[in-house]
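Take a look at the structure set out below.
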2 protein chains.
Amino acid sequence: MEKVTETQAVTREAVIERLKASGVTPTQQRVEIAQILFARPQHLSADQVLAIVNAEAPVVSKATVYNTLGLFAEKGLVREVIVDPAKVFYDSNTSSHHHFFNVDTGTLMDIDAGQVELNAMPDLPSGTVAEGVDIVIRVREGER
Amino acid sequence: MEKVTETQAVTREAVIERLKASGVTPTQQRVEIAQILFARPQHLSADQVLAIVNAEAPVVSKATVYNTLGLFAEKGLVREVIVDPAKVFYDSNTSSHHHFFNVDTGTLMDIDAGQVELNAMPDLPSGTVAEGVDIVIRVREGER
DNA sequence: TTGGGTGCAAACTATTTGCATTCGA
DNA sequence: TCGAATGCAAATAGTTTGCACCCAA
């Protein structure tokens, strides 16, 4: 029980502030979810968040987890990563970067923004505006 | 609705040859599906393929469409494009290229391989081998 | 003939939604 | 107080699977 508080990378107050700053009403379950995500940069599926947040006792319902993650993504607090047809990952690292996706383990790893960049931005289809660039390098367990 | 009038862009024989060349037994429904895909480079969801192939008369079952698309992808005849959390797109353009994804219309557009490239390939996580690089530029309808 | 391929429907999984209840400001 | 947020369960949607039947080689 004690280890829950000692590794706290972010205080409850800081989380609440951050939510408010993004125009998100800091309710109990939102703060609970945000604390998990903001503890450190990581990639979690809705299912994983649900499991972690309710690890000790049921705190948040499944629907609320989905609603909250969707809201956070909309507010820019987390980033949705679409690489696995089976599920969406939520990335708490909101700074510009890209990903490796290990297709064997279903694991995501960050690629620092400085490490990969496009050599040029192509002309966008007329009438459209760029919203983001996602670069995913799919890898699999090395063979030998 | 799209016209299904096959303008002989690919003959049935050519399709069969191509399937054989990839080690795929050319059954009736596989050829049917392949003809749609190989007619021209395009991005279709399993659902769309199902609708097109059965436009005139029920020819292929849903399960077979999914199984077949999965098989084609595995054999390198088509490429899976994961950009929409709701569904997988199958791209019959197997040459190296990337995509624009219009999040408003749910539409994919090709970006020629020459137009965008990575300035550098980052070091892969140890023990892994690169399988592919997917670059997706998300766009939305321009606002004005 | 005969094992791979197919059809059908049921099963699954991730995600969404309707609605009554509860909570935050 | 009062509208927003939540919980629960049922509803969706895409995809997969089990199994009997059928067809390509």
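Note on naming: letters A, B, ... go to the chains in the order of the sequence lines (proteins, then strands), and numbering restarts at 1 for each one. Since the model is a prediction, treat every value here as computed from it, not as a measurement.
In this model, the phosphate group of dG5(C) is approached by a side-chain N or O of T25(B) to a distance below 4.0 Å at OP1 or OP2. Residue R30(B) places no side-chain N or O under 4.0 Å from the OP1 or OP2 atom of dA24(D). An OP1 or OP2 oxygen of dT6(C) is reached within less than 4.0 angstrom by no side-chain nitrogen or oxygen of T64(B). Proximity of Q28(A) to the phosphate of dG24(C): a side-chain N or O atom is located under 4.0 Å from OP1 or OP2.
Counting any heavy atom pair closer than 4.0 Å across all strands shown, V31(A) reaches no nucleic acid atom. Within 4.0 Å (heavy atoms only), V65(A) reaches no atom of the nucleic acid at all. Among the atoms of the strands shown, none is found under 4.0 Å from any heavy atom of S45(A).
Interatomic distance, L69(A) CG to T64(A) OG1, rounded to the nearest 0.5 Å: 10.5 Å.
Inter-residue side-chain proximity for R18(A) and V24(A) is flagged as unmet; no heavy-atom pair is nearer than 4.5 Å. Side-chain contact between I137(A) and H98(A) is absent, with no heavy atoms from C-beta onward closer than 4.5 Å.
With no hydrogens or angles considered, a side-chain donor-acceptor pair links D110(A) and H43(A) at under 3.5 Å.
Think of V103(A) as one node in a network of Ile, Leu, Val, Met, Phe, Trp and Tyr side chains linked at under 4.5 Å; its network also takes in V81(A), V83(A), F89(A), F101(A), L108(A), V136(A).
The side chain of K87(B) lies closest to dG14(D) when the candidates are dA25(C), dC8(D), dG14(D). Side chain of T27(B), nearest nucleotide from dG5(C), dA9(D), dA25(D): dG5(C).
Computed from coordinates, the I16(B) CD1 to dC23(D) P distance equals 17 Å when rounded to whole Å. What separates CD of Q29(B) from P of dT6(C) is a distance of 5 Å, to the nearest Å. One atom, CD of E80(B), and another, C1' of dT15(D), lie 12 Å apart when rounded to the nearest Å. Between D84(B) atom CG and dG14(D) atom P the separation is 9 Å, expressed in whole Å. Rounded to whole Å, atom C1' of dA11(C) lies 13 Å from atom NZ of K62(B). Between N67(A) atom CG and dG7(D) atom P there is a gap of 10 Å when expressed in whole angstrom units. Summarising the geometry, the separation between CG on L69(B) and P on dT16(D) is reported as 10 Å, rounded to the nearest angstrom. L50(B) has its CG atom 11 Å from the P atom of dC8(C), to the nearest Å.
Nucleotides of DNA chain D nearest to T68(A) and Y66(B) differ in position, and the one nearer the 5' end is that of T68(A).
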